[in-house]
Amino acid sequence: MAVLGAALLLTSCSSSSDNGDGDEPAKEPEALITQQPKGTNPFWVNPDGNAAEQVATYVKQDKTADAEQIRKIAEQPTGEWISPENPEAEARGFTEAAQKADRSALLVLYNIPHRDCGQYSSGGAADGDSYRAWIDGVAKGIGDRAATVILEPDAVLHLVDGCTQDEFHEERYDLLSGAIDTLSALKNTKVYLDAGNAGWGHPDQIFEPLQWAGIEKADGFSVNVSNFYSTAESIAYGKELSAKVNGKHFVVDTSRNGNGPYTGGKADENWCNPPGRSLGETPTVKTADPLVDAYLWVKRPGESDGECKGGPKAGQWWVDYALKLAKASS
């Protein structure tokens, strides 16, 4: 699972001109990255993200065709993965910029101790107390501004699939429950606890762990984060799981699921920079099912899953892969 720790450059946002509807262009006027219509896509588009910078670079190089391909990514809201080092400053920066554009920030919290079981995105807070302090920092940074939070991708899943050692289970449940308490107490924050994806197992295996982690106190759960299962598969999985957790709503990560999952390689690497994938449905709150609150791009298309198939470290921008995702989409 990729994680990005880059802080928002607020100065560039505050110095941009406004088009009269809360939609601000990027630092490079010729790139012109604007917000999506609020009624269908109320989430904030970061005009300084990696994709937006790539568009500006291609425009300067007169690579118009490539610029237009990457624009498919740059002009959609994507998750802002809060870094371990500056949670308060980053959460404040993203939510203030979103508020200025009359949008809601989409934040991803991915810092649970013993994260990713030592795989490509291993790391996380040093201990429980450090994690609680980090969550407090995020909450302080968000304040009363509007935010949708995806809480700890894979954290519950890895308690179920045997990846996380038994000795860490009790603490993890406590940390997730505490994080939900802290974040859901904020005035304008929605919290979705991650619940895996359609390909790993069955809802019967995870609904009780979700309950132990405090799903009842959250707004709902997220599915398919950083994965490739189709929207239809993800909705079916989410609806079956929802029925087991008191009808909770959910959100689906559609960032790279346009061609569904890859099945041509090793089973443990089908999720890591698989070839032939495509951008999925663009973010929206107008979904195919009333239980689905939104399609979101939680994973930022074009950022690597890890050092596999020639990719850079997890979370780093990989323009070749971004171009392939964009070109494969309609």
Side-chain angles (χ1 to χ4, degrees), residues 1-9 26 31 33 43-58 66-67 69-86 90 93-94 105-111 115-116 119-124 149-150 152-154 194 197 222 224-229 252-259 261-262 269-283 295-329:
M1 197 73 65
V3 60
L4 181 71
L8 177 68
L9 299 177
I33 304 302
F43 305 101
W44 175 64
V45 176
N46 185 348
D48 298 306
N50 285 330
E53 291 182 357
Q54 189 68 58
V55 170
T57 297
Y58 278 150
D66 285 345
Q69 290 296 334
I70 297 299
R71 192 183 297 278
K72 295 177 183 178
I73 299 171
E75 290 190 337
Q76 296 299 331
T78 57
E80 301 293 348
W81 297 62
I82 302 298
S83 77
E85 293 82 13
N86 301 297
E90 290 187 15
F94 293 133
L106 176 61
L107 307 179
V108 188
L109 305 189
Y110 187 53
N111 195 38
R115 186 183 69 201
D116 204 35
Q119 300 181 86
Y120 290 119
S121 294
S122 61
V149 174
I150 307 302
E152 295 299 340
D154 287 346
D194 190 64
N197 58 72
S222 58
N224 204 46
V225 171
S226 291
N227 223 298
F228 302 86
Y229 291 94
V252 179
D253 185 352
T254 60
S255 57
R256 306 180 299 174
N257 72 347
N259 286 340
Y262 179 69
E269 284 198 357
N270 286 340
W271 57 268
C272 188
N273 301 323
R277 301 309 92 199
S278 171
L279 302 175
E281 288 95 340
T282 53
Y295 301 146
L296 302 174
W297 285 9
V298 182
K299 169 70 176 182
R300 288 134 72 106
E303 293 180 4
S304 177
D305 294 314
E307 295 173 282
C308 60
K309 302 181 181 69
K313 291 182 178 180
Q316 290 188 6
W317 176 249
W318 188 10
V319 66
D320 291 344
Y321 198 79
L323 279 171
K324 290 175 182 177
L325 289 171
K327 289 177 179 178
S329 65

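Only this structure's heavy atoms are used, side chains among them; waters, hydrogens and symmetry mates stay out. Note that the numbering runs from 1 along the sequence shown for the chain.
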Check [X] against [Y] and note the closest heavy-atom contact, atom names and distance.
| X | Y | value |
| --- | --- | --- |
| A322 | I70 | CB-CD1, 3.8 Å |
| S222 | I150 | OG-CG2, 3.5 Å |
| A74 | V55 | CB-CG2, 3.9 Å |
| I33 | A52 | CG1-CB, 3.9 Å |
| S304 | P312 | OG-O, 2.8 Å |
| R256 | S226 | NH2-O, 2.9 Å |

Any chance you could measure [X], atom [atom1], to [Y], atom [atom2], to the nearest 0.5 Å?
| X | Y | atom1 | atom2 | value |
| --- | --- | --- | --- | --- |
| T57 | D66 | OG1 | CG | 11.5 Å |
| W317 | I73 | CH2 | CD1 | 5.0 Å |
| L296 | Q76 | CG | CD | 11.5 Å |
| T254 | F228 | OG1 | CZ | 12.5 Å |
| F43 | T78 | CZ | OG1 | 12.0 Å |
| N50 | Q54 | CG | CD | 8.5 Å |

Dump the intermediate steps for side-chain contact (heavy atoms from CB on, under 4.5 Å) on W297 and L279, then the final yes or no. CA-CA 9 Å; W297 285 9; L279 302 175; 4.1 Å; yes
Output, in order, the C-alpha distance, side-chain angles, deciding distance and verdict of side-chain contact (heavy atoms from CB on, under 4.5 Å) for N227 and D253. CA-CA 8 Å; N227 223 298; D253 185 352; over 6 Å; no
Between the side chain of [X] and the main-chain N/O of [Y], is any donor-acceptor distance below 3.5 Å?
| X | Y | result |
| --- | --- | --- |
| K299 | S255 | no |
| E80 | L106 | no |
| D305 | N273 | yes |

I'd like to check L323 versus Y58 (side-chain heavy atoms, cut-off strictly below 4.5 Å). Are they in contact? yes
May I ask you to test the P261-Y229 pair for a side-chain heavy-atom distance under 4.5 Å?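 Answer yes - side chains close enough.
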Tell me, yes or no, whether the heavy-atom count around K309 atom NZ, taken from other residues, nucleotides or ligands under 6.0 Å, exceeds 12.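 Check passes, neighbour count above 12.
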Can you name the ring-ring contact (aromatic ring centres under 6.0 Å, His included) partners of Y321, sequence neighbours left out?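 Testing Y321 for ring-ring contact (aromatic ring centres under 6.0 Å, His included), a comparison that skips the adjacent residues, returns W318.
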R277 NZ/CZ over Y262 ring centroid, <6.0 Å and within 45° of normal: no
May I ask you to decide if the ring planes of Y110 and W81 are parallel, tilted or perpendicular, using 30° and 60° as cut-offs? perpendicular
